[in-house]
Amino acid sequence: MSSSAAVYGQPTYPAWIADRVRLQRDFIDNLRPFPFDQPADIRGFYSLHQNDYLRLSNHPEVVHARAEANLRPRIESFSSSVFGGVSSEHDRFVALLKDSLQANDIILTTAGWTANAGLLEAICAEETPVYIDVEAHASMVDGIRFSQAKKVIVRHNDWEHLEKRVKIHGPGVVCIDALYSTDGSLPDLPRYIDICERHDCILVLDEAHSFGMFGAKGGGLAVKLGLAHRVHFRTVSLSKALGGHGGLVAGSADMLRSLRSHMRPVLFSSSTSAILAAGHAAALEVLMREPERAAHCLEMAARFIRTLEAAGVDTRASRSQIVSLFFKDEQACQLYGELRERRILSSVFVYPAIPRGISMLRFSVYSELKADDIDYIADCTLAGLRKMRPAELRP
């Protein structure tokens, strides 16, 4: 009997935990069609469900850099970076990041999630007001929970609402995304910076989806707008435009020197491997050398948005490579199924990723797509939408 066919014993779970997970399990099991079983082999598909926007994960230079680093003999400590768990590959990657982000110092983390959660836990006290955009990433929400700080919700991309809240609750930490992964929108960053400076607040800017896509050398939205020197902390996920794994916090050298041994995910986690760092550095070099990759990706996304909007489809405020459509209940699954039949893969978001009663289908446009590809994807999307709600769309 092969190990894959073996049947093992399992514990008996108490009723209280079975009841706790049953509702969510039943909810997921009843999704039709089921949108979370993406094919392992995506050859022949348009893979708009991935975050590897610039398709650097399998770039020949990146693959070679990882392989070469794997062949080099080394003695790694396999410990936290605080205790020497870094290598020459890490150092080279950090130097490139400083140039790209126009940052004085960088803390590497094991994920973008740990960058946000660890940073907020480290800089917030229990009484600290944390003003967080309602669409900000879940890792920021968890960072507030860990710190037991005072969470103050701010309406999406509403800097006027932020200022009203700050006037009530006082100086604190402002958390926003540079590019929102839900709707692809961008904040009015100069307004947020101005409010923070006038009201003695700290700004944490999550550049997970904007890094590599905007700015000279792919440095992100703050770099593009010439405001990097006025943002207190920037966080990045390396699993988006760089097509790797890990995250980082960018900030002033003095501040990060203090936080390096205070961020729990850094202190109590081993650093990422030298092999990953070598691949990240190679990907960043390609990204910095070939800005046309991001420019083409954004151009294709804009073409997609124009076609959908011309037919009366609401793409919200997307002005990026992320294009999302919102539906009642779990109707996004239906469009997902229609598109998959046409070899187009997308991402579906349902509760708890987004609030109950709505669902979202997200397209992540990538740099290898051409105009004909985008036109086909748009035509198939409109055909699927007309099948679902024919009265709402223009021919």
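The figures that follow rest on heavy atoms only: side chains count, while hydrogens, waters and symmetry mates do not.
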### Task
Determine, step by step, whether Glu338 and Arg342 satisfy the salt bridge (Lys or Arg N to Asp or Glu O under 4.0 Å) criterion, reporting the C-alpha distance in whole Å, the side-chain angles of both residues, the deciding distance to 0.1 Å, and the verdict.
CA-CA 7 Å; Glu338 295 284 343; Arg342 293 165 172 79; 3.4 Å; yes

Give a yes or no on whether a salt bridge exists between [X] and [Y], defined as a side-chain N under 4.0 angstrom from a carboxylate O.
| X | Y | answer |
| --- | --- | --- |
| Asp372 | Lys370 | no |
| Arg198 | Glu163 | yes |
| Asp194 | Arg191 | no |
| Lys164 | Glu160 | no |

Once rounded to the nearest 0.5 Å, what's the spacing between atom [atom1] of [X] and atom [atom2] of [Y]?
| X | Y | atom1 | atom2 | result |
| --- | --- | --- | --- | --- |
| Leu225 | Asp188 | CG | CG | 9.0 Å |
| Ile354 | Thr182 | CD1 | OG1 | 9.0 Å |
| His169 | Thr128 | NE2 | OG1 | 13.5 Å |
| Leu179 | Arg319 | CG | CZ | 12.0 Å |
| Lys98 | Leu248 | NZ | CG | 12.0 Å |
| Leu96 | Leu101 | CG | CG | 11.0 Å |

So which heavy atom on [X] is nearest to which on [Y], and how close?
| X | Y | value |
| --- | --- | --- |
| Ile374 | Val365 | CD1-CG1, 4.2 Å |
| Val350 | Val348 | CG1-CG1, 4.0 Å |
| Met263 | Thr114 | CE-O, 4.2 Å |
| Gly218 | Ser100 | C-OG, 3.7 Å |

Hydrophobic clustering (ILVMFWY, side-chain heavy atoms < 4.5 Å, transitive) - are [Y] and [X] grouped together?
| X | Y | result |
| --- | --- | --- |
| Val204 | Tyr131 | no |
| Val152 | Met140 | no |
| Leu382 | Tyr46 | yes |
| Leu162 | Ile132 | no |
| Val21 | Leu23 | no |

Residues, nucleotides or ligands: over 12 heavy atoms within 6.0 Å of [X] [atom1]:
| X | atom1 | value |
| --- | --- | --- |
| His245 | NE2 | no |
| Glu197 | CD | yes |
| Arg20 | CZ | no |
| Asp200 | CG | no |
| Met255 | CE | no |
| Asp254 | CG | no |
| Phe27 | CZ | yes |
| Lys217 | NZ | no |

### Task
Report yes or no: is the cationic atom of Arg316 (NZ for Lys, CZ for Arg) under 6.0 Å from the centre of the six-membered ring of Phe326, at an angle within 45° of the ring normal?
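Here Arg316 passes the 6.0 Å and 45° test against Phe326.
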
### Task
Verify whether one side chain among Ser318 and Arg362 offers a donor that lies under 3.5 Å from an acceptor in the other.
no

### Side-chain donor-acceptor contact under 3.5 Å, Tyr53 with His209
yes

### Message
Show, in sequence, the C-alpha distance, side-chain angles and deciding distance for Thr235 and His137, and conclude whether the side chain to side chain donor-acceptor pair (under 3.5 Å) test is met.
### Response
CA-CA 11 Å; Thr235 58; His137 195 265; over 6 Å; no

### Task
Kindly indicate, with the supporting measurements, whether the criterion side chain to side chain contact (heavy atoms under 4.5 Å, CB included) is fulfilled by Leu108 and Ser81.
CA-CA 8 Å; Leu108 293 177; Ser81 60; over 6 Å; no

A side-chain contact here means heavy atoms from C-beta on lying under 4.5 Å apart; do [X] and [Y] qualify?
| X | Y | answer |
| --- | --- | --- |
| Gln321 | Leu298 | yes |
| Leu189 | Leu205 | yes |
| Phe93 | Leu242 | yes |
| Arg340 | Pro35 | no |
| Asp375 | Arg303 | yes |
| Phe233 | Leu259 | yes |
| Thr315 | Phe304 | no |
| Pro265 | Thr109 | no |

### Message
side chain to side chain contact (heavy atoms under 4.5 Å, CB included) for Thr272 and His90? Distances and angles first, verdict last.
### Response
CA-CA 9 Å; Thr272 55; His90 290 100; 3.6 Å; yes

### Task
Look at the aromatic rings of His156 and Tyr180 and report parallel, tilted or perpendicular, splitting at 30° and 60°.
perpendicular

### Task
Check the pair Ser210, Arg234 against side chain to side chain contact (heavy atoms under 4.5 Å, CB included), reporting the backbone distance first and the verdict last.
CA-CA 11 Å; Ser210 52; Arg234 284 171 287 161; over 6 Å; no

### Message
Quick one, Arg92 with Glu285, criterion salt bridge (Lys or Arg N to Asp or Glu O under 4.0 Å). Give me CA distance, side-chain angles, the key distance, then yes/no.
### Response
CA-CA 11 Å; Arg92 178 168 172 268; Glu285 284 186 321; 2.7 Å; yes

### Query
Hey, mind stepping through Asp206 and Cys175 against side chain to side chain contact (heavy atoms under 4.5 Å, CB included) and telling me if it holds?
CA-CA 8 Å; Asp206 185 340; Cys175 295; over 6 Å; no

### Message
Evaluate Arg257 against Asp105 for salt bridge (Lys or Arg N to Asp or Glu O under 4.0 Å), listing each step before the verdict.
### Response
CA-CA 9 Å; Arg257 180 172 174 269; Asp105 202 5; over 6 Å; no

